[in-house]
Amino acid sequence: MTERKAKHIIDMRARPSFLHSFFGADCQSDDYETVRWINRRLGARDVDHFTRAKDLTGLVDELAAAHIDVAVMVGRSTPAVRISNDELAALVGASEGRLLGVGSVDPQLFAGVAAEVEAYRCLSDLKLAGVNVDPGFYNEPISHDHESLTPIYAACNAANKPVFLMSGPTTPDLRHNDPLAVDRVAKRFPSLRIVCCHGFYPRIDDMIGVAFRNENVFVSPDMYLFAPGGERYAAAAKGFLSTQLLFGTSYPFRPILQSVKDFVALELDDDALENVAWRNAARLLHINLN
């Protein structure tokens, strides 16, 4: 039997393990064991896979082995994890088109107008593909519709670039893992393209409902597509969510090739498979794949 494949694949969430201790760069750190723990929880058959790609060449080789055309590195700026937007841009430049970067802005670090300035710098000067926010992980946790995030959303909207909203079950206070806050942002900025990283798992049904109401909301469950209940994202992609669901491996928290194989094994029809694998992301990020 011929192995099923998508014509192209865009990985919407993959970060080099060497980028930060948080991704398993330091085998002596607690973070390293946390990466292994998350891999076990999410069914990785090789929990040490992330130790192989020790540099950019190694990462590109991993992507090539999984037939991934482009991988999106979503940055992070929280008190626990600060990743330089300039470093992301440098990695993108050195990747020869295999990586895109999404900057990250903490409005509590760049207070007031400075947050908007940094967002514009990410999108214009650094040529990054979007801006990420982590509201539930800040020094003072906030909701995704908090007024301090409005200048960042406005900057992305003006630049016609997506904003990425971090969420999920690792949010320190799960009250801030709330898809209904996304609905309020989507209504306030109806032309802003909003990517919901981790799909606000485990609030799957609420997330699907918000996406149903708002065509500018994109759902990127990444590793949680393969968690208990995650099949409901795929089920929705058999209908309206076909044009709003995004594929991501969430590497290094799940193996790249295993995630691709698990994805193509889902019972999506050919059109939905291609949409989720790359067409939706290409439209979102203005990527031209022949």
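In what follows, every heavy atom counts, from backbone to side chain, and hydrogens, waters and symmetry copies are set aside.
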Please step through side chain to side chain donor-acceptor pair (under 3.5 Å) for the pair Arg76 and Ser104, ending with a clear verdict.
CA-CA 5 Å; Arg76 197 128 199 219; Ser104 193; over 6 Å; no
In the hydrophobic clustering (ILVMFWY, side-chain contacts below 4.5 Å, transitive), which residues join Val113, or is it alone?
Val117
All pairs passing salt bridge (Lys or Arg N to Asp or Glu O under 4.0 Å) where residues 191-207 contributes a residue, at least two apart
Asp178-Arg203, Arg203-Asp206, Asp205-Arg232
List the atom of [X], the atom of [Y], and the distance in Å for their closest heavy-atom pair.
X: Arg15; Y: Val74; value: NH1-O, 3.0 Å
X: Val131; Y: Cys156; value: CB-SG, 3.7 Å
X: Leu59; Y: Ala53; value: N-CB, 3.5 Å
X: Leu149; Y: Pro135; value: CD1-CG, 3.7 Å
X: Pro179; Y: Val210; value: O-CG2, 3.4 Å
X: Leu268; Y: Ala237; value: CD2-CB, 4.0 Å

Same cluster or not: [X] versus [Y], using hydrophobic residues (I, L, V, M, F, W, Y) connected whenever any side-chain heavy atoms lie under 4.5 Å apart?
X: Val105; Y: Val72; answer: no
X: Tyr251; Y: Leu19; answer: yes
X: Leu246; Y: Tyr201; answer: no
X: Val133; Y: Met12; answer: no
X: Val163; Y: Phe110; answer: yes

Show, in sequence, the C-alpha distance, side-chain angles and deciding distance for Ile152 and Glu118, and conclude whether the side-chain contact (heavy atoms from CB on, under 4.5 Å) test is met.
CA-CA 9 Å; Ile152 299 171; Glu118 178 63 10; over 6 Å; no
What's the spacing between [X] [atom1] and [Y] [atom2] if we round to 0.5 Å?
X: Met166; Y: Asp134; atom1: CE; atom2: CG; value: 6.0 Å
X: Leu56; Y: Ser95; atom1: CG; atom2: OG; value: 6.5 Å
X: Met207; Y: Asp183; atom1: CE; atom2: CG; value: 9.0 Å
X: Met223; Y: Cys197; atom1: CE; atom2: SG; value: 10.5 Å
X: Asp48; Y: Arg52; atom1: CG; atom2: CZ; value: 9.5 Å
X: His144; Y: Leu165; atom1: NE2; atom2: CG; value: 5.0 Å

Does [X] [atom1] have over 12 foreign heavy atoms under 6.0 Å away?
X: Asp30; atom1: CG; answer: no
X: Phe212; atom1: CZ; answer: no
X: Glu215; atom1: CD; answer: no
X: Arg40; atom1: CZ; answer: yes
X: Lys238; atom1: NZ; answer: yes
X: Asp269; atom1: CG; answer: yes

Side-chain heavy-atom pair [X], [Y] within 4.5 angstrom cut-off:
X: Arg254; Y: Thr249; value: no
X: Phe226; Y: Leu42; value: no
X: Phe23; Y: Phe50; value: no
X: Asn132; Y: Val195; value: no
X: Cys196; Y: Phe218; value: no
X: Leu109; Y: Arg82; value: yes
X: Leu257; Y: Ser259; value: no
X: Ile287; Y: Leu100; value: yes

Indicate yes or no for a side-chain donor-acceptor contact from [X] to the backbone of [Y] under 3.5 Å, with no hydrogens or angles considered.
X: Tyr233; Y: Gly199; result: yes
X: Asn177; Y: Gly168; result: yes
X: Gln258; Y: Arg45; result: yes
X: Ser29; Y: Tyr32; result: yes
X: Asn39; Y: Val35; result: yes

Using residues 270-278 as the side-chain source, report each donor-acceptor pair under 3.5 Å to any protein atom, sequence neighbours left out, with the distance given to one decimal.
| from | atom 1 | to | atom 2 | distance (Å) |
| --- | --- | --- | --- | --- |
| Asp270 | OD1 | Arg4 | NH2 | 3.0 |
| Asp271 | OD1 | Arg279 | NH1 | 2.7 |
| Glu274 | OE1 | Lys7 | N | 3.0 |
| Glu274 | OE1 | Trp278 | NE1 | 2.7 |
| Glu274 | OE2 | Lys7 | N | 3.2 |
| Asn275 | OD1 | Arg279 | NH1 | 3.2 |
| Asn275 | ND2 | Ser242 | OG | 2.8 |

Quick one: do Asn280 and Gln244 satisfy side-chain contact (heavy atoms from CB on, under 4.5 Å)? Show the steps, please.
CA-CA 7 Å; Asn280 295 340; Gln244 291 167 259; 5.8 Å; no
Ring centroid separation for Phe137 and His176, is it under 6.0 angstrom?
no
Between Phe164 and His198 (judged by ring centroids, cut-off 6.0 Å), do the two rings come close enough to count as a pair?
no
Answer yes when Asp69 and Arg98 have at least one side-chain N-carboxylate O distance shorter than 4.0 Å, and no when they do not.
no
Hey, can you tell me if Phe253 and Phe22 have their rings parallel, tilted or perpendicular (30° and 60° cut-offs)?
perpendicular
Going through the distances and angles, do Asp31 and Asp26 end up as a side-chain contact (heavy atoms from CB on, under 4.5 Å)?
CA-CA 8 Å; Asp31 287 335; Asp26 180 5; over 6 Å; no
For side-chain contact (heavy atoms from CB on, under 4.5 Å), just list the numbers for Ile83 and Leu88, CA-CA rounded to whole Å, side-chain angles, deciding distance to a tenth of an Å, and then say yes or no.
CA-CA 8 Å; Ile83 297 172; Leu88 279 179; 4.1 Å; yes
Sole candidate of Thr150, Asn216, Asn214 that passes side-chain contact (heavy atoms from CB on, under 4.5 Å) when paired with Phe189
Thr150
Any donor-acceptor pair under 3.5 Å linking the side-chain atoms of Arg283 with those of Thr243?
no
Between the side chains of Asp106 and Thr78, does any donor sit under 3.5 Å from an acceptor?
no
